[in-house]
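Just so it is clear, the structure is predicted and the values come from calculations on it, not from any experiment.
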Amino acid sequence: LLDDTEYTFIVKAYNSKGEGPGAAVTVMITGESAPRDVKAVPYNSSAVKLTWQEPAQNPTHETTYYIYYGTVESGVRSVPVGSTKDKSYTMGNLQQSVVYVFEVSLGLAGEHS
């Protein structure tokens with residue numbers, strides 16, 4: 001995919017009853033790279049503090065980082081649980097003895113990318 005280009009994809013669900021209606025999904029490729037060195041450090045018994053470094057290629061626009069999480073069994077959720085303009089985020093209300101997976105994604109001008 002090319003930088004600074006908008007693409008539209010048609011996504012359809014399939015199941016035993018056949019093909020569902022299509023939904024258009026538009027994605028803008030920004031050419032910006034992802035956050036680096038993402039780390040999760042225990043904060044207290046039910047929270048972790050996520051930290052990261054700026055992308056290798058510094059964003060040219062104001063950035064927002066979007067936080068996603070899930071469990072190893074369920075995978076990462078597709079809806080962000082939070083966002084920040086900082087390079088850290090504290091994620092609370094976690095359960096002990098559950099293995100979590102976190103994702104930090106770069107967004108530009110309020111849009112997740």
Enumerate, atom names and distances included, each donor-acceptor pair closer than 3.5 Å involving a side-chain atom of residues 81-88, sequence neighbours excluded.
from, atom 1, to, atom 2, distance (Å)
Thr84, OG1, Asp86, N, 3.0
Lys85, NZ, Glu62, OE2, 3.0
Lys85, NZ, Thr64, OG1, 3.0

Validation row: Val48, Leu94 side chains within 4.5 angstrom (heavy atoms): yes
Min side-chain heavy-atom separation Leu50-Thr90 under 4.5 Å: no
Set of residues satisfying salt bridge (charged side-chain N to carboxylate O under 4.0 Å, His left out) with respect to Glu19, sequence neighbours excluded: Lys12
Donor-acceptor under 3.5 Å (Tyr100 side chain, Gln95 main chain): yes
Contact check, side chains of Tyr65 and Trp52, non-hydrogen atoms, under 4.5 Å: yes
Shortest non-hydrogen contact from Ala47 toward Gly92: CB-CA, 3.8 Å
Within-4.5 Å side-chain heavy-atom neighbours: Leu106 and Pro55: yes
Heavy-atom pair with the smallest gap, counting every atom of Tyr68 and Pro80: CE2-N, 3.3 Å
Considering only distance and modelled atom types, tabulate donor-acceptor pairs under 3.5 Å from the side chains of residues 34-41, sequence neighbours left out.
from, atom 1, to, atom 2, distance (Å)
Arg36, NE, Glu54, O, 2.8
Arg36, NH2, Glu54, O, 3.2

Mutual orientation of the aromatic rings belonging to Tyr69 and Phe102 [parallel < 30°, tilted 30-60°, perpendicular > 60°]: parallel
